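Quick notes on the structure that follows.
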Protein chains: 2
Amino acid sequence: MTDGVDGGLSRTAGGCGRGVASAAAGALGGVNLGALRSHNTALVLDLLRTAGTEGISRLELAERTGLTPQAVSKITARLREEGLVAEAGRRASTGGKPRTVLRLVPEAGHAVGVHLDRDELTAVLCDLTGAVVAQRGTPLDLGAGAETVVERAVREVGALVAGGGRPGALLGVGVALPGPLDHRRGVLHRVTGLPEWNGFPLRDVLARRLSLPVVVDKDTNAAALGLAVGDEAAPFTSFAYLHFGAGLGGGLVIGGAVHRGTRTGAGEFGHQVVQLDGPPCGCGNRGCVEALCLAAVARGEPAEAARVLGVAAGNLVALLDVDLLLLGGRTVAAAPETFVRGVTAVLDERARRAGAEAVPVRLASGGERGVAEGAAQLLLAPLFGRAEG
Amino acid sequence: MTDGVDGGLSRTAGGCGRGVASAAAGALGGVNLGALRSHNTALVLDLLRTAGTEGISRLELAERTGLTPQAVSKITARLREEGLVAEAGRRASTGGKPRTVLRLVPEAGHAVGVHLDRDELTAVLCDLTGAVVAQRGTPLDLGAGAETVVERAVREVGALVAGGGRPGALLGVGVALPGPLDHRRGVLHRVTGLPEWNGFPLRDVLARRLSLPVVVDKDTNAAALGLAVGDEAAPFTSFAYLHFGAGLGGGLVIGGAVHRGTRTGAGEFGHQVVQLDGPPCGCGNRGCVEALCLAAVARGEPAEAARVLGVAAGNLVALLDVDLLLLGGRTVAAAPETFVRGVTAVLDERARRAGAEAVPVRLASGGERGVAEGAAQLLLAPLFGRAEG
DNA sequence: CTACTTTCGCAACGCTGTTGCCAAAGTGCA
DNA sequence: TGCACTTTGGCAACAGCGTTGCGAAAGTAG
């Protein structure tokens with residue numbers, strides 16, 4: 001019952017395994033002392049992570065968390081004992097004893113992130129800070145059947161982990177892939193165009209094969225999580241990530257946490273209808289943004305695609321009142337300025353009419369590796385109190 | 001510093017006044033023992049509120065919260081001492097000592113809700129359970145100038161409160177009104193069409209005049225909060241409320257809490273663009289749902305209005321993955337079946353194509369008083385741990 | 001009447017963050 | 001060089017939270 005014996009990492013990892021003593025059991029909401037400790041510890045770890053190599057002092061931690069300095073001292077003392085935190089020099093004095101700088105020990109834990117895309121597999125090994133310490137990639141046909149794909153994934157993850165005798169704990173494996181799925185149970189629905197995946201319990205199968213905790217999520221959600229945890233969206237905590245590659249999708253981050261909705265369906269952006277009775281889309285609807293934007297790109301009119309994307313993005317911003325819009329994906333990367341400017345123009349115009357300030361639009365620099373990194377964050381983020389939306 | 005001395009209600013009311021000891025001070029996130037107690041107390045109160053007159057036993061409370069029975073006993077003992085909770089009979093025995101049923105004491109506290117609409121003012125006095133115990137209404141011209149409107153509101157609230165010598169504490173006044181505003185600071189932006197309200201610090205002015213805590217929010221948010229707290233949305237905790245009256249607006253509830261966004265702008269549904277380069281709307285955009293739906297209604301084609309509404313609602317459901325759609329407002333009330341069926345049809349079709357289950361569509365029975373009741377909940381809800389989204 | 005089940009409070013406990021106090025480690029000035 | 005002052009941060013005692021062990025209370029079943 002007590003959770004003090006097992007060393008460090010597993011304690012606050014509420015996302016995958018057993019989680020904290022009793023409070024995390026379901027959405028009950030009752031908070032006991034164990035949960036309180038986990039929460040405050042996660043908060044401190046998150047600030048340490050955000051501080052990066054620069055580090056942060058105990059007193060700053062106290063100010064930022066609202067806890068007393070003494071409470072922070074106790075928490076950091078525990079973390080130092082567990083090897084998650086180390087002292088890293090001291091700041092310049094301001095007339096008294098200089099502050100001791102603390103920093104997260106990156107090697108204290110690792111997580112694997114796997115991106116199963118339609119035509120390739122990317123796997124990364126990340127340390128506690130989210131930095132990639134090893135990477136592998138291989139072509140893959142997601143339609144080649146579950147057994148083949150699982151086999152390949154197991155092999156890649158194995159090779160990645162075997163690479164070096166790392167001291168820290170291996171927290172688990174995060175897997176990101178397209179198509180509707182249930183991230184809570186880790187079961188796939190019908191991955192678009194690949195009916196053989198329907199109902200496949202990917203999480204449990206992989207967890208058994210790897211003997212590691214596994215978390216499964218949509219690719220766009222993973223990408224959004226990666227951006228939320230990184231400093232890409234700073235200083236904002238609510239934003240939308242729009243991914244325009246072979247298709248058009250989105251991920252929502254609200255209050256620093258990914259909003260997945262009840263059925264992991266949230267962020268379904270590509271099939272937002274912006275033209276009543278418009279041209280038919282592959283999904284069966286008419287006038288979807290994805291269809292319109294793809295058509296415009298195919299016609300060689302990226303500016304028009306950007307304008308349409310801007311209209312749909314404007315709808316999203318108006319509906320959710322987020323702070324920021326991040327754009328990414330291959331198609332955007334092909335003409336980044338066109339898309340950022342085009343979307344910005346629509347949003348600016350709309351904000352101007354409403355008498356409000358426009359929401360900034362930025363390019364998500366993540367690149368192709370971003371989804372895999374975000375997948376690793378599915379295991380890392382819970383340590384820092386960024387579990388669910 | 002200790003918060004044990006002041007009796008009961010003010011302690012957990014984190015939404016308006018000073019809030020709990022230290023944890024509520026900003027979005028710091030550090031949780032101390034006082035905050036933990038408040039949280040668990042609020043949780044218990046919420047379950048008691050939900051149980052209504054039927055009541056709930058200590059052991060059920062323990063099961064539902066995840067706390068131990070003994071912890072629940074301590075919490076309820078405090079609440080009974082403070083007069084918020086009372087014993088109310090006992091259940092049938094299941095072979096041993098029968099469970100004692102507890103219930104919330106409705107008269108232990110009250111809150112006023114004021115709905116400032118464009119042409120009328122509705123004010124209600126609600127008890128702890130949210131039930132209306134007194135009501136007043138008067139015609140009002142929201143464009144008659146700030147001083148006049150404030151004066152009228154003060155008089156109405158005064159008359160409502162003076163009505164009876166109620167024993168319980170008066171928690172404060174919630175005010176709901178249209179147009180963009182900042183609910184955190186209680187300052188209005190430009191209420192649509194009424195520029196003289198621009199920048200008016202309604203919350204502080206009213207709080208000073210009434211010597212009561214005041215909370216200000218958008219009318220649609222208040223309505224959504226009222227629905228979230230009532231049993232209208234049960235058993236779902238994430239839903240969208242679409243209000244189609246003189247205009248078209250929305251309120252979002254995610255995980256039981258109202259999602260307001262960073263600038264209280266979330267839920268802006270009327271000006272979602274669903275027809276690229278469609279007919280111009282008063283807001284300056286083209287092809288807004290509101291414009292299209294209003295035009296259809298004006299043409300005497302409510303079914304077409306329902307279809308368009310359904311398309312926009314489908315976008316919302318796809319984007320947020322909520323559990324439920326609630327429809328309300330005068331225009332809907334004029335042809336309820338047409339709208340519920342029309343919207344349902346669009347959602348069903350879309351869900352069928354996606355191979356998912358359709359989100360249910362219901363009529364929000366709130367009626368015209370719903371917004372005022374929701375406004376009162378702006379003060380009541382924080383007691384039950386339903387503060388922010 | 002006895003045995004059993006179930007509810008629920010009392011008392012002791014472990015753990016949390018908090019408070020009071022003091023040592024440590026600097027700066028600034030005489 | 002030495003002293004006063006400022007600031008950091010640990011030690012110890014403390015109050016308050018939920019938890020555990022146990023027993024009284026209040027029913028049912030035979």
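Throughout, a chain's letter reflects where its sequence line sits, starting with A, and its residues are numbered from 1. Computation of the quantities below employed the complete heavy-atom set of this structure, encompassing side-chain atoms and omitting hydrogens, waters and symmetry-equivalent molecules. None of these values were measured; they are calculated from a predicted model.
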| query | Contact class for B:L36 vs. all strands (heavy atom < 4.0 Å): base, sugar-phosphate, or nothing? | reply | sugar-phosphate
| said: Tell me the interatomic distance from B:K74, atom NZ, to C:dC8, atom C1', rounded to whole angstroms. | reply: 13 Å
| field | Distance below 4.0 Å between B:R90 side-chain N/O and D:dA26 OP1 or OP2 | value | no
| request: Look at B:N32 and C:dT16 and indicate whether a side-chain polar atom (N or O) is within less than 4.0 Å of OP1 or OP2. | output: no
| request: Would you mind reading off the distance between A:L33 atom CG and D:dG18 atom P, rounded to a whole angstrom? | output: 7 Å
| Atom-to-atom span, CZ of B:R80 to C1' of C:dG9 - whole angstrom | 11 Å
| said: Please confirm whether the shortest side-chain N or O distance from A:R58 to OP1 or OP2 of D:dG10 is below 4.0 Å. | reply: yes
| query | Just checking A:P98: base, sugar-phosphate only, or nothing, at a heavy-atom cut-off of under 4.0 Å? | reply | sugar-phosphate
| task | Search all heavy atoms of B:T76 against all heavy atoms of B:V44 and return the closest pair with its distance. | result | CG2-CG1, 4.2 Å
| query | At under 4.0 Å, does any side-chain N or O of A:S73 touch on OP1 or OP2 of D:dG9? | reply | no
| said: For a quick test of reading the model: is some side-chain N or O of B:S57 closer than 4.0 Å to OP1 or OP2 of C:dT7? | reply: no
| query | Hey, is the side chain of B:T68 poking within less than 4.0 Å of OP1 or OP2 on D:dG18, counting only N and O atoms? | reply | no
| message | What is the separation between atom CZ on A:R91 and atom C1' on D:dT6, rounded to the nearest whole Å? | response | 18 Å
| Quick one: A:E60 CD to D:dT7 P, roughly how many Å, whole number? | 15 Å
| Shortest non-hydrogen separation from A:R99 to A:S57 and the atoms involved | CD-OG, 3.5 Å
| said: Is B:R99 close enough to D:dA26 that one of its side-chain N or O atoms is under 4.0 Å from OP1 or OP2 there? | reply: no
| said: What is the distance, to the nearest angstrom, from the CZ atom on B:R37 to the C1' atom on C:dT18? | reply: 15 Å
| query | Between the side chain of A:D321 and the main-chain N/O of B:R263, is any donor-acceptor distance below 3.5 Å? | reply | yes
| remark: Those residues at least two apart in sequence (or on a different chain) that pass side chain to side chain contact (heavy atoms under 4.5 Å, CB included) with B:A51 are B:I56
| Between C:dG26, D:dG18, C:dT19, which nucleotide has the shortest distance from any of its atoms to the side chain of B:R78? | D:dG18
| field | For atom CD of B:E81 and atom P of C:dG9, their distance in whole Å | value | 12 Å
| Polar pair under 3.5 Å, donor/acceptor by atom type, side chain A:Q70, base D:dC11 | yes
| task | For B:R91, look at atom CZ and say whether over 12 heavy atoms of other residues, nucleotides or ligands are found less than 6.0 Å away. | result | yes
| said: Distance check needed: C:dT18 P versus A:I75 CD1, whole Å only. | reply: 9 Å
